[in-house]
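First up is the structure itself, then whatever we jot down about it.
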2 protein chains.
Amino acid sequence: MKKPAHSEAALQAAVTELSLAVGQIIRRLRTEGNPDALNLSQLGTLARLDKNGPMTNADLARTESMKPQSMNTILAGLEQEGFVERRPHPTDGRQILFAISSAGHEMRRQRGIAKRNWMTAAMSELEPEEFKTLVAAIPLIRRLVGS
Amino acid sequence: MKKPAHSEAALQAAVTELSLAVGQIIRRLRTEGNPDALNLSQLGTLARLDKNGPMTNADLARTESMKPQSMNTILAGLEQEGFVERRPHPTDGRQILFAISSAGHEMRRQRGIAKRNWMTAAMSELEPEEFKTLVAAIPLIRRLVGS
DNA sequence: TATTGTTATACTCTATAACTATA
DNA sequence: TATAGTTATAGAGTATAACAATA
C-alpha cells in the first residue's frame, strides 16, 4: 500500500476547503448574468465540441462525468437554439454525432462569455504568479474527478 | 485602466476550463456516497462553525455567498440531525447564533478517520508539488468569487 | 446481450417573494 | 426604516427508470 504523500490533517483541510470553494464558485456562475443565456453546462459542451470536433451524446457525457440522459437535455437546448447540429454516424446507425454550428461559433465569439465576465475580470486581477498557480491547478482538479 | 496581466486567449481558456472542472467536481461531490449522509453545503457549514465558532444565519450566508433563505434550509437539516444548536444573541433579540454541537464534532471526527471519500483518496495520490499547487489555488478561487 | 439514444419522472439545491419580529 | 429570521413556492440542473433501435 502506498503511503500518502501528505499529512492527514492537511488532506482533510484541503478537501473541505476545495469543496467549499467549488460550491461557492458554482453558485456564482449559475446566478450571474441574464437568465435566458446559455447555462454553464451548455457553454461547456459547446466549448468541448468546438475544441474536439463532432462527438456523440455518450462521449460528451463521459467527458463531463455526466449521465447521457442529462447530456441529452443539454444538447436539446443547444439544438433548439441552433448552436449544434446532428449528423448521422458514418458506420454505426445507433450513434448520432453532434457538431457545433456556425451560429454556435458566432455565439461563442460574441456573448458566450457573458455569463462569466465577472470571472474573467476577477482573474485578470490576479498576479502573474497567482494566475499561473490557478491554471496549473485546473488539470489537477480534473484528475481528481478521474477524467 | 489597469492592463490585464495575462493574454486574452489564456484568460478565456482558463475561465472555460475552470468552469468545466468546477461543474464536474460538483456533480461528483453531489452524487457520491450514501444519499442519507449530509450534503456538501451542510458539511461545509459545519466545518465553518467548527472553525469560526458560533455564527448567525446571515453571517454564514454571506461567508458562503448564499441567500439567507437557502442557508436556513441547510441549518434546519443540521439542527434536525442534532449537529448544530441555537443560542440567543446576547444583545440583539433578532439574531440567533448557531453553534456546532458535540454530536456535530463527533460526526466530523468520525468522518475524518473513517473510510476516506473519493476526493481524499484521489488527493492523496497527487505528487507533493501538485498537492502544493492545488492547495495554493484554493484561496485564489475564493478570491475570484469575492469573499 | 450490450450500447445508443429517447422519454418520463423525481430529486437536490438554491433562489425569489412575502411575511413577522426586533432594532 | 432597516435588518434578522421564517415560510411558501418556483426554478435550474441532474439523476433514475423504462423503453426502442441498432450492433
Side-chain angles (χ1 to χ4, degrees), chain A residues 19-20 22-46 54-80 84-98 115 145, chain B residues 19-20 22-45 54-80 84-98 145:
Chain A
S19 301
L20 281 170
V22 161
Q24 210 174 17
I25 204 170
I26 204 91
R27 277 191 292 278
R28 177 105 190 242
L29 275 169
R30 271 213 261 268
T31 56
E32 199 84 9
N34 42 346
D36 51 289
L38 295 187
N39 67 32
L40 190 58
S41 301
Q42 290 173 321
L43 286 172
T45 299
L46 214 49
M55 298 172 71
T56 66
N57 180 334
D59 279 341
L60 282 166
R62 264 190 294 271
T63 304
E64 300 306 329
S65 308
M66 198 180 278
K67 298 295 171 189
Q69 298 96 314
S70 304
M71 183 55 75
N72 199 352
T73 306
I74 292 167
L75 287 169
L78 287 172
E79 192 180 16
Q80 193 169 9
V84 300
E85 298 167 338
R86 289 164 184 261
R87 298 179 190 171
H89 192 280
T91 60
D92 191 333
R94 295 171 304 177
Q95 300 186 39
I96 296 173
L97 287 167
F98 287 87
K115 198 160 190 171
V145 183
Chain B
S19 300
L20 281 170
V22 160
Q24 207 175 19
I25 205 170
I26 206 89
R27 277 191 292 277
R28 178 103 191 243
L29 277 169
R30 256 215 309 263
T31 56
E32 198 83 9
N34 41 346
D36 50 291
L38 295 187
N39 67 32
L40 188 57
S41 300
Q42 289 174 321
L43 286 172
T45 300
M55 297 172 72
T56 66
N57 179 334
D59 279 340
L60 282 166
R62 263 189 295 270
T63 303
E64 299 308 328
S65 308
M66 200 180 275
K67 297 295 171 189
Q69 297 95 314
S70 304
M71 182 54 75
N72 198 353
T73 306
I74 293 167
L75 287 170
L78 287 172
E79 193 180 16
Q80 194 169 9
V84 300
E85 299 167 337
R86 291 166 183 258
R87 299 178 188 172
H89 193 279
T91 60
D92 190 332
R94 294 172 305 180
Q95 299 187 39
I96 295 173
L97 286 167
F98 287 87
V145 182

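Every chain is numbered from 1 and lettered A, B, ... according to where its sequence line falls, protein lines coming before strand lines. None of the values given here were measured: they were computed from a predicted structure.
- Contact check, B:Arg62 against D:dT3: no side-chain N or O comes under 4.0 Å of OP1 or OP2.
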message: Would B:Leu29 and A:Ser19 count as a side-chain contact (heavy atoms from CB on, under 4.5 Å) here? Give the steps.
response: CA-CA 8 Å; B:Leu29 277 169; A:Ser19 301; 4.0 Å; yes
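- The residue B:Asn72 sits close to a base: some heavy atom pair falls under 4.0 Å.
- Atom NE2 of B:His89 is separated from atom C1' of D:dT3 by 13 Å (rounded to the nearest Å).
- Nearest heavy atoms, B:Leu20 versus A:Glu64: CD2-OE1, 3.6 Å.
- Taking each heavy atom of B:Gly77 and B:Gln42 in turn, the nearest pair found is CA-NE2, 3.7 Å.
- Counting to the nearest Å, the P atom of C:dT14 and the CZ atom of A:Arg28 are 16 Å from each other.
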message: Treating primed atoms plus P, OP1 and OP2 as sugar-phosphate and everything else as base, which nucleotides of nucleotides 14-23 of chain D get B, S or - for protein heavy atoms under 4.0 Å?
response: BBBB----BS
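- Taking 4.5 Å as the limit, some side-chain heavy atom of A:Pro90 sits within range of a side-chain heavy atom of A:Leu97.
- If you measure from atom CG of A:Leu60 to atom C1' of C:dG5, you get 13 Å, rounded to the nearest angstrom.
- Atom CG in A:Asp59 sits about 13 Å away from atom C1' in C:dG5, given to the nearest Å.
- Using a 4.5 Å cut-off on side-chain heavy atoms (C-beta onward), B:Arg30 and B:Leu40 make no contact.
- Computed from coordinates, the A:Leu75 CG to C:dT7 C1' distance equals 15 Å when rounded to whole Å.
- From A:Ser70, atom OG reaches atom CG of A:Leu60 across 12.5 Å, with rounding to the nearest 0.5 Å.
- Scanning DNA chain C for stems, defined as runs of 3 or more consecutive Watson-Crick or G-U wobble pairs whose donor-acceptor distances all fall under 3.5 Å, gives the following ranges: C:1-23 with D:1-23.
- Counting to the nearest Å, the P atom of C:dT22 and the CD1 atom of B:Ile96 are 11 Å from each other.
- For B:Gln42 and C:dT12, the CD to C1' distance is 11 Å, given to the nearest whole Å.
- A straight line from CG of A:Leu97 to C1' of C:dG5 spans 13 Å, rounded to a whole angstrom.
- Here the closest heavy-atom approach between residue B:Met55 and residue B:Thr63 is recorded as CE-OG1, 3.6 Å.
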message: Evaluate A:Ile74 against A:Met66 for side-chain contact (heavy atoms from CB on, under 4.5 Å), listing each step before the verdict.
response: CA-CA 11 Å; A:Ile74 292 167; A:Met66 198 180 278; 3.5 Å; yes
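- Listed by chain and number, the residues in a salt bridge (charged side-chain N to carboxylate O under 4.0 Å, His left out) with A:Arg87 amount to none (sequence neighbours excluded).
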